[in-house]
Each structure stands twice: as C-alpha cells, then as structure tokens.
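Reviewing the structure listed below.
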Amino acid sequence: MKPAPFEYSRPATLDQACALLAADDGARIIAGGQTLVPMMAMRLARPTRIIDIGRIAELAYVGDE
C-alpha cells in the first residue's frame, strides 16, 4: 500500500520544529522513520505532516550538565 497524502518539513532549528508541531494537530515527528513509515504504508498511521528532526544541530548530541 501507499501512504495517505501528507506534507513533509525539514526544519533547520528546534524553534522551527516546535512551531510546525504546534500549528498542526496531525503532525508527527521523525528522526529516522523506522517505525512510522511502515505504519503509514499500511495506513495504520495517517499524519497530516511529517516533521523530520534528523538534521537539527541542536539535537545532534547528548550532553551531561
């Protein structure tokens, strides 16, 4: 099966990602898509927008403060 139509966004900053998520109740976040993409293909998940956070520099590391 093919997934239902959706919008795709790849924000550059965490603030942009948060704004996109807040603006669309049907939006979902992916960083790799290993779980969500197969569910979309089987139409078990039907997000209106996919927000790809995989390349946001602020999220590229884990720190201990």
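Heavy-atom basis, side chains included; hydrogens, waters and symmetry copies ignored. The residues of the chain are indexed from 1 along the displayed sequence.
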- Message: For Leu36, give me all partners under side chain to side chain contact (heavy atoms under 4.5 Å, CB included), at least two apart in sequence or on another chain.
- Response: Arg28, Ile30, Met40, Ala45, Ile50
Atom pairs and distances, donor-acceptor, side-chain atoms in residues 55-65, under 3.5 Å, two or more places apart:
residue	atom	partner	partner atom	Å
Glu58	OE1	Leu14	N	2.7

- Task: Can you run down the side chain to side chain donor-acceptor pair (under 3.5 Å) pairs that involve residues 31-52, sequence neighbours left out, and say none if there aren't any?
- Result: Tyr8-Asp52, Ser9-Arg49, Asp24-Thr48
- Contacts of Gln16 meeting side chain to side chain contact (heavy atoms under 4.5 Å, CB included) (sequence neighbours excluded), chain-then-number -> Pro11, Ala12, Thr13
